[in-house]
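Nothing fancy with the numbering, it's 1 onward along the sequence. Note that the coordinates shown come from a computational prediction; the quantities given were computed from them, not determined experimentally.
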Amino acid sequence: MSTVFKIKKAAQMKVGFVFECQDQGPDELLYTYIAKELCKHFEISQENISPLGNKHAVINDSALDVETMFANKCDYVFIMWDRMPKWKHGTGKCDDDKATLTNNLTAAGVDMTKVIMCCIDEMLESWLIADGRGVTNYFQGLNHQSPKFDDHKTRAEQASPKEKLSAYNGRYNEYKDNLGIVKGLGGDYSRAVKWNASFGEFVYAVNRICPQAV
């Protein structure tokens, strides 16, 4: 007599995001897209997305937004910001930003075990240009004459990424182009993870908390 094993579907997990960008800005569009692509069980609703507009607000004034997301039954909250450019009173160092943010959230009584802080080095576009395939595929889709965009494997090569994108294509708009570049990677983030450790931390965190079917 054969035994039939039923696979139980993984439950949905509600997650929230805090960003330094404006509403519907590049950070919001890219990281929520990637998170849902990596984890089909994530539930990300607009009420649990807080684009605070600048880094100072993320580091110093995000506690109420995070508490509201937990009140909305979020299981985890991601807080995302770029290391550069540094905010007015910041040092431009991720560890310092994280320490200040941790102190502010802890003082507000936030459960830090459910908060995932991601400081991207140097900025979103740094890991975006790490694997040149995304840039190449996206712009060649718009203009078949666009040359191959090289990989940028080191931190030094990933510095000033927006300038590199503008120099490559003659024009660049983070609001119009970034999501297309991500989609140009075809869901393969392995090289970007390998060559930009801060982006790797984000991908690792998503995979770590993603519910699994049993």
Mind checking whether Ile129 and Ile34 sit in one hydrophobic cluster, side chains of I, L, V, M, F, W, Y counted as touching below 4.5 Å? yes
Backbone of Lys14 reached by a side-chain donor or acceptor of Asp75 within 3.5 Å: yes
Transitively linked via ILVMFWY side-chain contacts under 4.5 Å: Met117 with Ile44? no
Backbone N/O of Ala99 and side chain of Asn103: donor-acceptor pair under 3.5 Å: yes
For residues Arg171 and Asp177, determine if any side-chain heavy atom of one lies less than 4.5 Å from a side-chain heavy atom of the other. yes
Between the CD1 atom in Ile116 and the CD atom in Glu201, the distance rounded to the nearest 0.5 Å is 11.5 Å
Indicate the atoms forming the closest heavy-atom contact of Glu122 with Ser160, along with that distance. OE2-N, 3.3 Å
Would you compute the distance between atom SG of Cys74 and atom CG of Asn72 and round it to the nearest 0.5 angstrom? 6.0 Å
Any donor-acceptor N/O pair, Tyr33 side chain to Lys183 backbone, under 3.5 Å: no
Under the side-chain contact (heavy atoms from CB on, under 4.5 Å) test against Asp131, which residue among Thr136, Val193, Asp151 passes? Asp151
Just by modelled atom types, is the Gly90 backbone N or O under 3.5 Å from a matching donor or acceptor in the Lys55 side chain? no
Mind checking the CH2-CZ spacing from Trp127 to Arg191? Nearest 0.5 Å is all I need. 15.0 Å
Apply side chain to side chain contact (heavy atoms under 4.5 Å, CB included) to the pair Val15 and Glu43, showing each step before the final yes or no. CA-CA 6 Å; Val15 297; Glu43 177 186 333; over 6 Å; no
Work out which heavy atom in Leu124 is nearest to a heavy atom in Ile120; give both atom names and the distance. N-CG2, 3.9 Å
Would you call Cys210 and Met13 a side-chain contact if the rule is heavy atoms closer than 4.5 Å? no
As an exercise, state the distance from CD of Glu174 to CD1 of Ile181, rounded to the nearest 0.5 Å. 10.5 Å
Quick one: does Glu67's side chain get under 4.5 Å of Val77's, heavy atoms only? no
Single-linkage hydrophobic cluster, 4.5 Å side-chain cutoff, Leu30 and Ile79 together: no
Which heavy atom of Ala130 sits nearest to which heavy atom of Gln158, and what is that distance? CB-NE2, 3.7 Å
So do Asp61 and Leu52 actually touch side chain to side chain, heavy atoms under 4.5 Å? no
Are side-chain heavy atoms of Lys164 and His152 found at a separation under 4.5 Å? yes
Go through the steps for Gln12 and Lys40 under the test side chain to side chain contact (heavy atoms under 4.5 Å, CB included), then give the verdict. CA-CA 8 Å; Gln12 292 293 106; Lys40 306 301 183 185; over 6 Å; no
What pair of heavy atoms forms the shortest contact from His41 to Ala11, and how long is it? CB-O, 3.7 Å
Flag the pair Phe78 / Val115 as yes when at least one side-chain heavy-atom distance between them is below 4.5 Å, and no otherwise. no
Assess whether a salt bridge exists between Asp97 and Lys86, defined as any Lys/Arg side-chain N lying under 4.0 Å from an Asp/Glu carboxylate O. no
Taking the side chain as every heavy atom from C-beta outward, state whether Met123 and Pro161 have any atom pair closer than 4.5 Å. yes
Would Phe19 and Phe17 satisfy ring-ring contact (aromatic ring centres under 6.0 Å, His included), going step by step from the backbone distance to the final call? CA-CA 6 Å; Phe19 298 110; Phe17 280 87; 5.4 Å; yes
Rounded to the nearest 0.5 Å, how far apart are CG of Asn169 and OH of Tyr138? 8.5 Å
Counting distance only, does the side-chain N/O of Glu157 pair as donor-acceptor with the main-chain N or O of Thr154 below 3.5 Å? yes
Distance (rounded to the nearest 0.5 Å) between Phe199 CZ and Ser126 OG: 12.0 Å
Met69 and Gly16: which non-hydrogen atoms are nearest, and at how many Å? SD-CA, 3.8 Å
Let's go through Trp81 and Cys118 carefully: what are the C-alpha distance in whole Å and the side-chain angles of both, what is the deciding distance for side chain to side chain contact (heavy atoms under 4.5 Å, CB included) to 0.1 Å, and is it a yes or a no? CA-CA 7 Å; Trp81 71 98; Cys118 295; 5.9 Å; no
Are the side chain of Glu20 and the backbone of Asp82 linked by a donor-acceptor contact shorter than 3.5 Å? yes
hydrophobic_cluster_shared for Leu105 and Ile49, side chain cutoff 4.5 Å: no
So which heavy atom on Cys21 is nearest to which on Glu28, and how close? SG-N, 3.6 Å
Are the aromatic ring centres of Tyr31 and Phe202 under 6.0 angstrom apart? yes
Ignoring hydrogens and geometry, is there a side-chain-to-backbone donor-acceptor pair from Asn104 to Ile59 under 3.5 Å? yes
Do the side-chain N and O atoms of Glu37 and Tyr189 include a donor-acceptor pair separated by under 3.5 angstrom? yes
Polar side-chain atom of Trp195 near backbone of Ala192 as donor-acceptor pair, under 3.5 Å: no
Between Asp121 and Ser198: side-chain donor-acceptor atoms closer than 3.5 Å: no
Can you check whether Lys93's main-chain N or O pairs, donor with acceptor, with Thr91's side chain at less than 3.5 Å? yes
Do Tyr172 and Glu125 have side-chain N/O donor and acceptor atoms under 3.5 Å apart? yes
Side-chain heavy atoms under 4.5 angstrom apart, residues restricted to Ile, Leu, Val, Met, Phe, Trp, Tyr: same cluster for Val18 and Leu101? yes
Is Asn143 reaching over with its side chain to a backbone N or O of Gln145, donor-acceptor style, under 3.5 angstrom? yes
Quick check: are there more than 12 heavy atoms from other residues, nucleotides or ligands sitting under 6.0 Å from OH of Tyr175? yes
Taking atom types as modelled and ignoring hydrogens, do the side chains of Asn48 and Ser45 form a donor-acceptor contact shorter than 3.5 angstrom? yes
Tell me, do Val182 and Leu128 make a side-chain contact under 4.5 Å, heavy atoms counted? yes
